[in-house]
**Q** 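Before I ask anything, let me first share the structure, which is written out below as structure tokens.
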There are 2 protein chains.
Amino acid sequence: MKAKPSKNNKVSLSEVARAAGVSKMTASRVVRGEGGYSEDTRDRVMAQVDALGYLPNRLATVFAGDKSSTFVGVSIPDLGNEVFAQVLEGIDRKLGSFGHQSVLGLTQHTLQEEENWIRTVLSWQPAGLILTGRYHSPNATDMLKNAGIPVVEIWDLNSSPLDMSVGINHFDSGFDMGRYLIGCGYTNIGYVGTSHDTANAATMRLEGFCKAVEGGGGQVAKQLCLHDTATYYPGFYGTEQLLAVSAGIECIFYQNDAMAFGGLNFCTSKGLRVPADIGIAGWGNLPIASVLPQRLTSVNVPHLKLGQAAAEMMLARLSDEPEESCRDIGFNLVPGSTVRRAS
Amino acid sequence: MKAKPSKNNKVSLSEVARAAGVSKMTASRVVRGEGGYSEDTRDRVMAQVDALGYLPNRLATVFAGDKSSTFVGVSIPDLGNEVFAQVLEGIDRKLGSFGHQSVLGLTQHTLQEEENWIRTVLSWQPAGLILTGRYHSPNATDMLKNAGIPVVEIWDLNSSPLDMSVGINHFDSGFDMGRYLIGCGYTNIGYVGTSHDTANAATMRLEGFCKAVEGGGGQVAKQLCLHDTATYYPGFYGTEQLLAVSAGIECIFYQNDAMAFGGLNFCTSKGLRVPADIGIAGWGNLPIASVLPQRLTSVNVPHLKLGQAAAEMMLARLSDEPEESCRDIGFNLVPGSTVRRAS
DNA sequence: GATGCTTGAGTTACCCGTAACGTTTCGCTA
DNA sequence: TAGCGAAACGTTACGGGTAACTCAAGCATC
């Protein structure tokens, strides 16, 4: 039995075993508490574990067993968006309490970055993957199918997922908001967002929104700030542009709450009263929105719960429990006070 | 050469090699693009890589080389706090662009959770660790010292770090705010926070704050909502309690911006005008604070930059470049309009 | 006293890549 | 055409841990 200290001064099981005067295998059994050894042997081994500061090498364990690790890869577009931070929090808390670790990937909303990240993470033999969004590059899809590990697609509910899916129906959430605003008596409605990528949850919301508004006899003027992230300032300037171009806008729906705050701020800075002169509606129901004096009209999604649900589905699959492959986490419209009351 | 498919239907290098009619080693060289093979051989091997969908197993690579992985463990208290989400974003973006992955740990502000997480993550042979905070349990400290890998402690600047440190001096930031408020003419000042743990950045801020206020002839009435997280509602109720107990409070300093918003909301809901009747000051300068109509008086910390700096120090150490062991990222006081102007 | 069962502990093979080294092939020079 | 060196490729030996198997000793049963 070789038991020389390895280059990077890490203590290996062999060294513990030799110090305790037993074989590697016996030491392994003791460390894992697997049974099949005497009390005396266990004490001798554990004494050396403490004395040498032995830490197991999980890479070797995974390697030896030809099984997967306790890693779960989690891809998130970005953390500047509070919404995704909450989702990640829900995921990691739940995974962590069951002995799994999240390997993070910020994919910047691009499929190419996601593909690169998937390739890298798969090479670490993760137990599973949790991905934001239902659209992936062809290469990514191939790799995911071949990987043979559980995959949960979150955010955008997918009735025919790669494997499992949890989220909400974005089209419906946009539709509901459209119907609500029509019900409030608005007909000349604006939309301010950033993306025009078709493979995108925000686009689905916009489509649902337009369908409801147009079906209700209204019309939608769109203002897309391309090449921008969906935060406060694009909301501010997007509103300025929209109002400069389109006359008679009565109400504006934004891609998300952050942009809506930008728009709200622009309107009040121009002396427009909200909702008397113009209505403002956001999406996502940021936590801070609920404590500001004027409640923003928005759509609430249980972000933390969404993350937890994703982790639960992953864990269920990993422990071979039966689980549903598709879970709708639901949303609800928050009336707020930034659009006028339905008559 | 054995080349049977392994149990979990993962394609191994041996299988590629056999399919291409070369040895494992040659296949390895081709896959790594290391040179030492003919064009013809390379084409044959790569054809099989594509055909079989081979993905390298990085566990084996790490294992073979007896070196560390490309993982970097990142411990963060929680992501509900936008501040830490930004820090994490800065870290992961920078690490990711250099081929490293973040393994996340949400340690809930407790040393015990951090210790458990450190033990687990170390067993995966990470390349390094980035930890929030300068205080760790004795066991954790031992493990970190023995691990022989770079460790960056962030958030709370530490002049004698375990290894490297980047952040700000929280005492000073509290002190500056205290001096500023005194300069604005306030003397009867309140503080609302959650923690009374001494091993804590917020406590350091409070200490600095008290020193400045008391040194300037003022006094501080403290209201600590224990067992609560530092978010909106504790700010709201903490303010209610503080004002009920202490008479004549002219201005309140909060543990962070989220709590300050809660307090601001409580005050306005009670008909108190800010800053005419009462001053409000937060800490952290949340992004949303900068777009709301009334700018919150706060302390700005470059969160994203902090995360990037931590990642840079880690990467420098990993590539054996000379790097400083301590970096002060700095902060600046944001006057805002929620405290009355200095006379 | 022979047999079988338990219990404790050692042996061996293997997981998948890579470093180090050994071997073959081939073109070029003398 | 022998001799030589470099390029191309194969072989072997790890690395840390575990599954599966083997083996020996202790004990009870008939």
Side-chain angles (χ1 to χ4, degrees), chain A residues 1-45 48-49 52-70 122-125, chain B residues 1-46 48-49 52 54-70 122-125:
Chain A
M1 169 193 339
K2 291 135 285 178
K4 54 175 184 219
S6 58
K7 296 108 202 168
N8 42 1
N9 73 1
K10 299 239 173 70
V11 182
S12 80
L13 190 60
S14 318
E15 295 169 61
V16 172
R18 198 178 50 142
V22 298
S23 77
K24 229 171 73 167
M25 198 56 228
T26 299
S28 172
R29 283 188 277 251
V30 170
V31 169
R32 281 176 298 144
E34 178 235 55
Y37 45 81
S38 64
E39 284 236 345
D40 177 58
T41 304
R42 194 203 57 201
D43 292 346
R44 285 212 320 279
V45 172
Q48 291 306 321
V49 165
L52 300 174
Y54 170 72
L55 273 181
N57 182 339
R58 301 276 271 114
L59 291 192
T61 304
V62 171
F63 197 48
D66 200 19
K67 50 195 164 195
S68 55
S69 68
T70 57
L122 281 181
S123 73
W124 292 107
Q125 322 297 113
Chain B
M1 169 194 337
K2 291 135 285 177
K4 56 177 181 216
S6 59
K7 296 106 199 170
N8 42 1
N9 72 1
K10 300 241 173 69
V11 182
S12 80
L13 189 60
S14 318
E15 294 169 63
V16 172
R18 198 180 48 143
V22 298
S23 77
K24 237 170 65 167
M25 199 55 226
T26 299
S28 173
R29 283 188 276 249
V30 170
V31 168
R32 282 176 298 142
E34 177 235 54
Y37 45 79
S38 65
E39 284 235 346
D40 176 59
T41 303
R42 196 204 54 201
D43 293 345
R44 286 212 321 278
V45 172
M46 291 312 282
Q48 291 305 321
V49 165
L52 300 173
Y54 170 73
L55 274 181
N57 183 339
R58 301 279 268 114
L59 291 192
T61 304
V62 170
F63 202 46
D66 201 19
K67 49 195 164 195
S68 56
S69 68
T70 56
L122 281 181
S123 73
W124 292 107
Q125 321 296 114

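The chains referred to below are lettered A, B, ... by the order of the sequence lines, with proteins before strands, and numbering in each begins at 1.
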**Q** May I have the step-by-step check of side-chain contact (heavy atoms from CB on, under 4.5 Å) for A:Y37 and A:V22, ending in yes or no?
**A** CA-CA 11 Å; A:Y37 45 81; A:V22 298; over 6 Å; no
**Q** C:dC16, OP1 or OP2 - any side-chain N/O from B:Y54 closer than 4.0 Å?
**A**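 Result: no.
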**Q** In whole Å, what is the span from the CG atom of A:D40 to the C1' atom of C:dT7?
**A**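 My rounded result for the distance is 14 Å.
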**Q** Between B:S14 and C:dC16, is there a contact of a side-chain N or O with OP1 or OP2 at under 4.0 Å?
**A**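 No, because none of the side-chain N or O atoms of B:S14 sits under 4.0 Å from OP1 or OP2 of C:dC16.
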**Q** Would you kindly give the CZ-to-C1' distance between A:R58 and C:dC15, to the nearest whole Å?
**A**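 A:R58 atom CZ is separated from C:dC15 atom C1' by 16 Å.
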**Q** Report yes or no: does B:Q48 contribute a side-chain atom to a donor-acceptor pair with the main-chain N or O of B:V45 at less than 3.5 Å?
**A**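 The answer is no, because no donor-acceptor pair under 3.5 Å joins these two groups.
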**Q** Out of curiosity, A:W124 CH2 to B:L55 CG, how far, rounded to the nearest 0.5 Å?
**A**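 So the gap between those two atoms works out to 13.5 Å.
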**Q** Checking side-chain contact (heavy atoms from CB on, under 4.5 Å) for the pair A:T70/A:R58: CA distance, chi angles, key distance, verdict?
**A** CA-CA 9 Å; A:T70 57; A:R58 301 276 271 114; 3.2 Å; yes
**Q** B:R18 has an atom CZ; how far is it from atom P of C:dC16, in whole Å?
**A**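 Taking atom P of C:dC16 as the reference, CZ of B:R18 is at 13 Å.
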**Q** Using a 4.0 Å heavy-atom cut-off to protein, can you give one letter per nucleotide of nucleotides 18-25 of chain C, 5' to 3': B if the base is in contact, S if only the sugar-phosphate is, - if neither?
**A** BBB-----
**Q** Find the distance between NZ (B:K24) and CZ (B:R18) and round it off to the nearest 0.5 Å.
**A**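 Answer for the NZ-CZ pair, B:K24 versus B:R18, is 13.5 Å.
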**Q** Between atom CZ in A:F63 and atom C1' in D:dC14, what is the gap in whole Å?
**A**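 About 11 Å, once rounded to whole Å.
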**Q** Please report the distance, rounded to the nearest Å, between CD in B:Q125 and C1' in C:dG17.
**A**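 Nearest whole value for this atom pair: 16 Å.
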**Q** How far does CD of B:E34 sit from OG1 of B:T26, to the nearest 0.5 angstrom?
**A**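 If we round to the nearest 0.5 Å, B:E34:CD and B:T26:OG1 are 10.0 Å apart.
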**Q** Examine D:dG10: is either OP1 or OP2 under 4.0 Å from a nitrogen or oxygen in the side chain of B:S23? Give yes or no.
**A**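 For D:dG10, OP1/OP2 do have a side-chain N/O of B:S23 under 4.0 Å.
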**Q** Atom OG in B:S69, atom CZ in B:F63: separation rounded to 0.5 Å?
**A**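 Going from OG on B:S69 over to CZ on B:F63, the span is 13.5 Å.
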**Q** A:W124 CH2 to C:dC16 P: how many Å, rounded?
**A**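 So the CH2-P distance, A:W124 to C:dC16, works out to 16 Å.
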**Q** Check the phosphate of D:dC9 against B:T41, side-chain N and O only, distance under 4.0 Å to OP1 or OP2. Yes or no?
**A**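 True: B:T41 side-chain N/O within range (under 4.0 Å) of D:dC9 OP1/OP2.
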**Q** Distance check needed: C:dG17 C1' versus B:L59 CG, whole Å only.
**A**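 About 11 Å, once rounded to whole Å.
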